[in-house]
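Here the structure comes first, spelled out in structure tokens, and everything after it is commentary.
When a ligand or atom number is given, it counts from 1 through the structure's own listing order. Residue numbers run from 1 in the order of the sequence given.
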Amino acid sequence: MLALINTNVMAPPIGPVGIDYMAGAVEAAGIKVDVLDLCLADDALKTLRSFFDTHSPQLVGISFRNADDCFWPSAQWFVPDFAETIRAIRSMTDAPIVIGGVGFSIFARRIVEYTNADFGIRGDGEWAIVSLLEELQHTRRFERVDGLIWRNGGEIYSNQPAWPEQLSLPTNRDAIDNLAYFKRGGQCGLETKRGCNRQCVYCADPLAKGTKTRLRNPSEVADEAQTLLAKGIDVLHLCDCEFNIPRSHAYAVCEELARRSPGKRLRWYTYMAVVPFDAELAEAMAKAGCAGIDFTGDAACPSMLKTYRQPHLKEDLASAVRLCRANGIKVMIDLLLGGPGETAETLAETINFIKQIDPDCAGAPLGIRIYSGTEMARIVTAEGSPEKNPNLRRKYSGPVDFFKPTFYISASLGKHPAELIQDLIASDKRFFGPMTESVPEVSQSNLSGDHNYNDNTELVEAIRKGARGAYWDILRELRGN
Ligand code: B12
């Protein structure tokens with residue numbers, strides 16, 4: 001009745017967790033669902049053709065995870081190829097097409113327009129798609145479907161995003177081949193919550209997941225971890241925006257994991273805000289199996305932290321590193337270099353401080369991907385005509401359009417900002433440096449030491465040989481750091 005298609009074929013492959021949850025919820029509602037995973041298929045078109053030759057679903061749901069790779073100067077935009085895929089599917093079936101996914105939700109309406117899809121769902125797919133199927137079968141009152149982007153008489157309508165406050169997800173995790181993803185992708189995803197109430201100026205997560213945190217019951221999270229463990233998957237990457245927001249929920253999840261003791265057999269990695277983090281939480285995380293934390297550090301100079309609206313101080317970064325070290329947790333600090341007001345001096349302050357506090361590694365990419373609907377977009381608009389704005393970088397021509405990969409790099413950093421950062425890093429192996437604009441072909445083969453995971457052959461090869469874990473941790477080890 002429903003076909004769900006994963007279109008994300010980037011390597012190393014990341015399992016379509018969203019489709020796994022959705023298929024579980026749809027089946028629980030008594031609806032038959034077929035999943036087509038183009039990432040694990042040898043020939044995507046052939047797989048699609050043979051499916052539609054023999055099946056006539058009532059609705060085709062297509063998942064779109066990454067709209068672009070958010071990495072300057074790679075700046076790969078995936079929307080045109082995605083539109084091609086939609087066109088191909090359209091030629092194989094008369095069923096209506098609905099798109100969803102995190103990449104989709106950031107730009108929802110624009111992607112519906114661009115691809116000519118019948119529908120889109122912005123936000124959580126689990127209940128919205130069941131509701132869409134019901135409306136298609138019965139009254140066609142599409143205004144009742146949360147998150148739905150729909151057409152009527154040549155107009156496109158957008159309902160309120162689907163961000164239900166109560167969050168309970170299926171834990172069976174059997175709609176996609178998680179074990180294949182584990183073997184080829186090095187870890188599997190799991191969510192403990194959705195949404196983020198932080199106000200970081202650049203972030204797209206509130207656009208896709210909402211500004212309220214919506215928490216899962218810790219025992220449901222532990223059930224799911226155990227389900228994955230029973231399949232032979234013992235390394236996870238949490239898919240929360242920030243695991244420690246709110247702290248109380250993070251602590252409760254850790255306690256439950258530790259109580260059931262998969263903590264001894266399970267290793268997991270997560271993204272975290274720098275605050276709140278303290279000795280009690282660090283210890284609980286270690287006991288629950290946390291192997292590594294990637295902190296949203298952004299900067300280590302007060303003016304840039306203020307610009308990004310981060311509540312932490314540089315001293316909090318130092319404390320986070322100390323707490324991780326004391327608890328045997330690997331630690332990465334992710335920076336965001338080149339934002340509004342960045343100068344050679346602020347860069348130096350940040351990079352030198354990170355060297356001093358000595359994390360296991362630090363991400364030092366250059367350029368901030370600007371999204372409509374964020375404070376960054378408002379900052380840029382306030383700077384005057386985007387076409388004449390010296391702080392904007394892009395690889396497309398024509399008018400500036402934040403739907404396409406558009407980056408902010410403070411013009412104060414001069415003509416060769418990436419080289420400026422490389423000089424400050426000075427071959428320190430703890431840093432994943434920026435891609436260098438002048439030699440992108442070298443960057444693409446990853447010799448510049450960046451941490452773009454988009455078609456990263458170094459990672460694919462390491463995972464093939466048995467490496468497991470967060471990609472930054474695998475790359476760190478490969479560099480002998
Ligand atoms: C965790 C994470 C990672 C982990 C993944 C670990 C793992 N094993 O899963 C790692 C670190 C590997 C990673 C890598 C990358 N990531 Co990432 N990642 C995330 C994060 C935090 C969570 C994604 C996730 O799985 N969520 C949980 C699932 C359940 O949610 P979901 O996929 O959105 O699905 C729900 C809905 O969208 C919807 N839905 C999904 N499919 C469908 C289909 C239909 C038909 C419908 C109706 C609904 C629907 O329903 C689902 C259930 O409610 C998001 C940000 C965020 N907060 O979401 C960024 C995010 C997706 N990543 C992003 C990027 C750019 C990347 C990289 C390309 C970075 C890079 N250059 O290396 C790579 C790509 C890797 C790959 N192969 O695809 C961006 C994409 C932005 C954009 N412009 O498109 C995001 C949004 C972060 C950001 N704000 O910049 N990532």
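Residue contacts with ligand 1: Asp240 is placed with no nitrogen or oxygen under 3.5 Å of a nitrogen or oxygen of the ligand (distance criterion only). For ligand 1, the polar-atom distance check finds no N/O of Ile62 at less than 3.5 Å from any of the ligand's N/O atoms. Among the atoms of Arg369, none of the N or O lies under 3.5 angstrom from an N or O of ligand 1. No N or O atom of Phe64 sits closer than 3.5 Å to an N or O atom of ligand 1. Checked against a 3.5 angstrom limit, the closest N/O atoms of Pro12 and ligand 1 fall inside it. Inclusion of Ser63 in the set of residues having an N or O under 3.5 Å from an N or O of ligand 1 is warranted. Taking distance alone, with nitrogen or oxygen atoms compared against 3.5 Å, His451 stays at or beyond that limit from ligand 1. For the pair His237 and ligand 1, the shortest N or O to N or O distance does not fall below 3.5 Å. For ligand 1, the polar-atom distance check finds no N/O of Ser105 at less than 3.5 Å from any of the ligand's N/O atoms. Considering backbone and side-chain atoms together, Asp124 places no N or O closer than 3.5 Å to any N or O of ligand 1.
Side-chain rings of Tyr202 and Tyr408 stay apart, their centers remaining 6.0 Å or farther from each other. Aromatic rings from Phe142 and Phe119 are positioned such that their centres are separated by under 6.0 Å. A ring-centre distance under 6.0 Å is found for Tyr271 and His237.
Distances below 4.0 Å separate heavy atoms of Gly125 from the following atoms of ligand 1: 38 (C), 48 (C), 50 (O), 51 (C), 52 (C), 53 (O).
When non-hydrogen atoms are compared, ligand 1 lies under 4.0 Å from neither the backbone nor the side chain of Leu236. At a heavy-atom distance under 4.0 Å, only backbone atoms of Cys188 (N, CA, C or O) approach ligand 1. Under 4.0 Å from ligand 1, not a single heavy atom of Phe78 appears.
The protein non-hydrogen atom at the shortest distance from atom 86 (C) of ligand 1 is Val102 CG2, 3.7 Å. Considering only non-hydrogen protein atoms, atom 89 (N) of ligand 1 sits nearest to Asp205 OD1, 3.2 Å.
The closest heavy-atom contact to atom 16 (N) of ligand 1, among the options Arg65, Glu242, Glu126, comes from Arg65. The closest non-hydrogen atom to atom 30 (O) of ligand 1, taken over Glu191, Arg194, Lys209, comes from Lys209. Among Gly100, Gly123, Gly103, the residue whose heavy atom lies nearest to atom 36 (C) of ligand 1 is Gly123.
Take Phe107 and apply the ring-ring contact (aromatic ring centres under 6.0 Å, His included) test, not counting sequence neighbours, and it matches Tyr371, Phe403. Every residue two or more places apart in sequence or in another chain that forms a side chain to side chain donor-acceptor pair (under 3.5 Å) with Thr139 is listed here: Glu135, Arg144.
Each of Glu242, Arg214, Arg216, His249 was checked for a side chain to side chain contact (heavy atoms under 4.5 Å, CB included) with Lys193, and the lone residue meeting it is His249.
Counting heavy atoms from C-beta on, the side chains of Phe182 and Leu228 never come closer than 4.5 Å.
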